[in-house]
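Naming convention: chains lettered A, B, ... in sequence-line order (proteins, then strands); numbering from 1 in each chain.
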Protein chains: 4
Amino acid sequence: MFLHIDANNGLAVYDQIVRQIKFSVADGVLAVGELVPSVRELARELTINPNTVARAYRQLQDDEVLESMRGTGLIVSIGARKICLAARKRLIRARLQEVLLEAHHGGLDAEQIQTLFQTELKSLKKKR
Amino acid sequence: MFLHIDANNGLAVYDQIVRQIKFSVADGVLAVGELVPSVRELARELTINPNTVARAYRQLQDDEVLESMRGTGLIVSIGARKICLAARKRLIRARLQEVLLEAHHGGLDAEQIQTLFQTELKSLKKKR
Amino acid sequence: MFLHIDANNGLAVYDQIVRQIKFSVADGVLAVGELVPSVRELARELTINPNTVARAYRQLQDDEVLESMRGTGLIVSIGARKICLAARKRLIRARLQEVLLEAHHGGLDAEQIQTLFQTELKSLKKKR
Amino acid sequence: MFLHIDANNGLAVYDQIVRQIKFSVADGVLAVGELVPSVRELARELTINPNTVARAYRQLQDDEVLESMRGTGLIVSIGARKICLAARKRLIRARLQEVLLEAHHGGLDAEQIQTLFQTELKSLKKKR
DNA sequence: GTGGTCTAGACCACC
DNA sequence: GTGGTCTAGACCACG
């Protein structure tokens with residue numbers, strides 16, 4: 001399965017699903033027109049409640065990323081790729097902005113922020 | 001006032017106060033031994049519930065950043081500067097790590113992340 | 001084919017079939033005694049599941065609009081015209097009542113409702 | 001209470017709440033800035049499950065009609081009036097269009113539709 | 001089998 | 001007290 005749920009993430013489980021599905025579509029892991037795992041199946045795999053999955057899928061339908069095929073399941077909608085590429089950028093940017101703003105408010109100058117960023121990026125590469 | 005509360009920040013109001021007070025101490029805006037505003041005064045200034053301020057101050061006392069001067073109020077404790085410098089670094093790092101991890105999981109490579117980061121950093125400088 | 005299925009209509013596909021067949025009989029497009037398309041044929045034409053067509057036809061037999069000719073198929077029953085004329089009126093009335101009631105509950109007065117109705121009726125004529 | 005839930009309406013309960021709250025705001029029954037009934041209170045009054053109310057309120061927040069005041073409740077947002085006036089018109093129009101389209105497809109001409117409409121409008125006035 | 005809705009009840013953070 | 005999230009389990013319409 002292509003989703004990793006982290007319960008102590010701060011983010012709600014349903015929101016993690018929403019974000020990661022969007023990222024998967026943006027990344028091409030999920031293709032347009034493809035059926036996503038059924039509510040019950042995904043719930044079983046992630047060992048969470050089906051309602052939580054349903055809520056995430058509902059959100060994704062509101063965002064026009066998924067589309068309901070009655071009695072069949074949910075597919076990645078036609079316009080999803082574009083939406084998700086934009087959403088991925090927007091979501092990451094928003095979080096970057098937050099942390100930069102807080103760092104700045106906290107009295108760190110651009111150079112210090114740069115240093116921290118490079119350190120973390122390197123340690124991420126190493127882990128990978 | 002040196003605090004900026006953003007209701008739609010995701011972070012709880014009390015937590016924003018805690019973080020920003022720590023950052024102010026780290027930055028030297030709040031000096032060791034200085035009296036912080038009273039619960040009521042700060043609540044009035046930020047137009048938030050006094051309970052929320054009280055909770056933030058309680059947390060700051062638990063973290064040994066503030067200490068109570070009986071009958072006078074709360075002052076920045078002697079060891080606060082060191083604690084807050086460390087806390088600031090730790091808090092910023094943690095958020096940086098989160099966003100980098102999510103970006104990486106979302107299929108962005110280091111270069112793309114770099115680009116986004118530089119863009120945001122520049123736009124932050126411009127605003128300032 | 002004389003049927004138009006709209007997946008995002010709110011109404012179930014089988015129900016759209018039922019209604020439209022009744023309307024076709026009321027309108028005389030489908031004559032009494034005429035053979036309707038076979039389940040498989042109609043399903044192929046509308047690119048929907050044969051079960052869905054079968055369910056619609058079952059409903060129409062229950063409503064005595066269609067009747068089975070063993071080994072031949074389903075034909076429009078003798079009394080169908082009368083039934084369908086009544087049904088058409090009843091179905092349209094019911095939907096009109098619903099929308100009027102909701103508009104009224106929503107605080108629109110008769111005049112405002114009239115205006116909206118005339119606008120929509122005109123735009124319908126134009127399209128036609 | 002200003003909401004009337006009809007269980008056999010075809011529309012989901014949560015959707016009836018959404019629509020009626022929007023209509024109430026459009027109509028001025030609910031003023032901008034006003035607190036709406038709490039989730040638990042409304043659930044009690046309508047004798048439905050709090051989750052159902054919560055879902056409706058969530059939807060209304062997505063539609064920027066309501067706004068969460070953490071720990072306090074939900075208020076009608078600043079821009080809500082405009083949104084709801086537009087939404088009311090749009091929702092009624094959509095239903096009118098549906099019924100007119102179906103009537104037209106069903107072979108009724110404009111005059112017949114007019115007659116039906118006038119009849120229903122009169123009977124509505126009488127009931128009121 | 002599928003999604004959609006609803007109920008019931010729990011726990012959490014926040015004010 | 002408030003909303004927000006999650007679990008558990010039920011029923012329905014649909015294909």
Find the distance A:Gln59:CD to E:dG4:P and express it as a whole number of Å. 13 Å

note: D:Tyr57, atom OH; F:dT5, atom C1'; distance rounded to Å ~ 18 Å

Atom CG of A:Leu74 and atom P of E:dG1: how far apart are they, to the nearest Å? 17 Å

Spacing of D:Leu42 atom CG relative to E:dC6 atom C1', expressed in whole Å: 15 Å

Take the protein atom CD1 of A:Ile48 and the nucleotide atom C1' of F:dT5, then report the distance between them rounded to whole Å. 12 Å

Please determine if a side-chain N or O atom of A:Gln61 lies less than 4.0 Å away from the OP1 or OP2 oxygen of E:dG3. no

Starting from C1' on E:dA8, measure out to CZ on D:Arg44 and report it in whole angstrom. 16 Å

Member of D:Arg95, D:Lys22, D:Arg93 meeting the salt bridge (charged side-chain N to carboxylate O under 4.0 Å, His left out) criterion with C:Glu102: D:Arg95

Interatomic distance, CD@B:Gln59 vs CG@B:Leu66, rounded to 0.5 Å, equals 10.5 Å

According to the Watson-Crick and G-U wobble definitions, with both distances under 3.5 Å, which nucleotide is paired to E:dC14? F:dG1

To the nearest angstrom, how far is D:Arg58 atom CZ from F:dT2 atom P? 18 Å

Taking every non-hydrogen atom, the tightest pair across B:Tyr57 and B:Pro37: OH-O, 2.8 Å

Return a single string for nucleotides 9-15 of chain E, one symbol per nucleotide in 5' to 3' order, where B is base contact, S is sugar-phosphate-only contact and - is none, cutoff 4.0 angstrom on heavy atoms. B----BS

Nearest 0.5 Å, what's the CG-CG distance between C:Leu60 and C:Asp63? 6.5 Å

In terms of heavy-atom contacts, A:Leu46 and A:Leu3 come closest through CD2-O, 4.1 Å

Whole angstrom is fine here: how far is it from CD1 in D:Ile5 over to P in E:dT5? 14 Å

In Å, rounded to the nearest 0.5 Å, how long is the span from CG of A:Leu42 to OG1 of A:Thr47? 10.5 Å

